[in-house]
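Written out below as structure tokens is the structure these notes cover.
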Amino acid sequence: MKTIPCLVIGSGPAGYTAAIYTQRAGIDTIICEGPQPGGQLTTTTIIENFPGFAQGIDATTLMDSMKQQAIHLGAQVLPLSVTSVDFSSHPYQITLEDKSQLVAQTVIIATGASAKYLGLADEVKYQGMGVSACATCDGFFYRKKTVAVVGGGDTACEEASYLASLASKVYLIVRKPFMRASAVMQKRVTDNPKIEILYETNTVGLFGDNGVEGVTLVHKKGTPEEHQYQLPIDGFFLAIGHRPNSEIFQKWIDTDDMGYIITQGKTPLTNMPGIFAAGDVADPLYRQAVIAAASGAAAGIEAGKFLATLK
Ligand code: NDP
């Protein structure tokens, strides 16, 4: 089997930027697109915080441009997911969903993270039409509108506070009678007059003819006081956590207790030589496209350095 110099797993900003850098360094690179070509950004509409686009840019257009740039520089894009890896010896073995195998001298893991959803059919129905898992990405569209955020952790408090700076009203839907968020984050939301916290409340559905127009909630579910009601809202934000897509690597690659790949200092180096991690799979903090792209660049540079040591 032919050994390839570099395999990039994932096709978000981190993956494509990594491939742009490796190809420019003369390193033949294959990108496995994975189950969500273009990554998480493709679940949103307009990107207004990626530098270089004065009027913002359609997310799909942005990701397609990155893909075309990588291809233009010589990268090969496979519309496949990686199903398993064997990093027990170098070069590394990778198995794809069509059962084919690749052997790679360097691997850049850029598999991203997935926002957790409640699992309601309405979340799928209204995706991009009022349902979002990223306040920083989509909050701007809800200026002076009413939104709801689900979750009681630090992310939910952060997203609710951010949205309150734009929207006229923010409901924070918390399933328990208390929040899990740190005291300082809780204070931030309780002190904000625009945020109303709905404790002991579960979401059961969304409604609206042209996108989200309201949410159906149940208060005190499973108790004698249980009652269902509808609340008019314009946007529904999930903030119940993210799951880094690192499962298939965890046998070999060190992760933290949430599954984020641990990288060394400010570098994309993992605990395995020649294996690098970039983007949200290694970033529990920022989860921004521009930061993912930057870490992809770093991974591409490090892959080149590693390959030079093999010569
Ligand atoms: P967490 O896992 O801490 O919190 C998830 C929240 O979502 C919990 O309140 C949980 O409720 C709720 N939830 C989970 N599933 C459901 C569901 N099906 N229906 C309704 N609610 C649900 O995730 P976060 O993303 O908030 O935080 C992850 C980590 O990142 C934490 O360690 C956090 O401290 C950190 N972080 C820190 C920040 C900061 O310091 N600025 C900002 C953002 C994150 P329940 O409590 O009932 O389980």
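Remember, it's 1-based here, ligands and their atoms both numbered in the order they're listed. Just the heavy atoms: all of them, side chains too, but no hydrogens, waters or symmetry mates, feed the values below.
With atom 35 (C) of ligand 1 as the reference point, the heavy atom nearest to it among I240, D154, I173, T201 is part of D154.
Summary of contacts: the protein heavy atom closest to atom 43 (C) of ligand 1 is T155 OG1, 3.3 Å. Closest to atom 32 (O) of ligand 1, if we only count protein heavy atoms, is M258 SD, 4.4 Å. Protein heavy atom closest to atom 2 (O) of ligand 1, with residue, atom name and distance, is R180 NH1, 3.2 Å. Nearest non-hydrogen protein atom to atom 17 (C) of ligand 1 is R175 NH1, 3.4 Å. Closest to atom 23 (O) of ligand 1, if we only count protein heavy atoms, is G241 CA, 4.0 Å.
Judged by distance alone, the side chain of D256 and the main-chain N or O of G259 form a donor-acceptor pair under 3.5 Å.
The local environment of CZ in F53 is crowded, with over 12 non-hydrogen atoms from other residues, nucleotides or ligands closer than 6.0 Å.
For residues 146-201, no pair satisfies ring-ring contact (aromatic ring centres under 6.0 Å, His included), with sequence neighbours left out. Contacts classified as ring-ring contact (aromatic ring centres under 6.0 Å, His included) and involving residues 223-246 (residues at least two apart or in different chains) are given here: Y142-F237, H219-H227, H227-Y229.
With respect to E226 and K221, no salt bridge is recorded, no charged nitrogen being found less than 4.0 Å from a carboxylate O. Salt-bridge check for E200 with K176: failed, with every basic side-chain N at 4.0 Å or more from each acidic carboxylate O. Ion pairing between a basic and an acidic side chain is recognised when a charged N comes within 4.0 Å of a carboxylate O; D191 and K187 show such pairing.
Between H242 and ligand 1, no pair of N/O atoms sits closer than 3.5 Å. Taking distance alone, with nitrogen or oxygen atoms compared against 3.5 Å, E158 approaches ligand 1 more closely than that limit.
In summary, the atoms of ligand 1 found under 4.0 Å from a heavy atom of G153, numbered by their order in the structure, are 4 (O), 6 (C), 8 (C), 9 (O), 26 (O). Using a 4.0 Å cut-off to heavy atoms of K176, the atoms of ligand 1 that qualify are 45 (P), 46 (O), 47 (O), 48 (O). The contact set between ligand 1 and G152, taken as ligand atoms under 4.0 Å from a residue heavy atom, comprises 6 (C), 7 (O), 8 (C), 9 (O).
Residue L118 touches ligand 1 through its side chain alone, judged by heavy-atom distances below 4.0 Å.
At a distance under 4.0 Å, a protein heavy atom can be found next to atom 15 (N) of ligand 1. For atom 20 (C) of ligand 1, the protein comes within 4.0 Å by at least one heavy atom.
Residues I108 and I275 do not share a hydrophobic cluster, defined by chaining ILVMFWY side chains whose heavy atoms lie under 4.5 Å apart. In terms of hydrophobic clustering, with Ile, Leu, Val, Met, Phe, Trp and Tyr side chains grouped at heavy-atom distances under 4.5 Å, I4 and V8 are assigned to different clusters.
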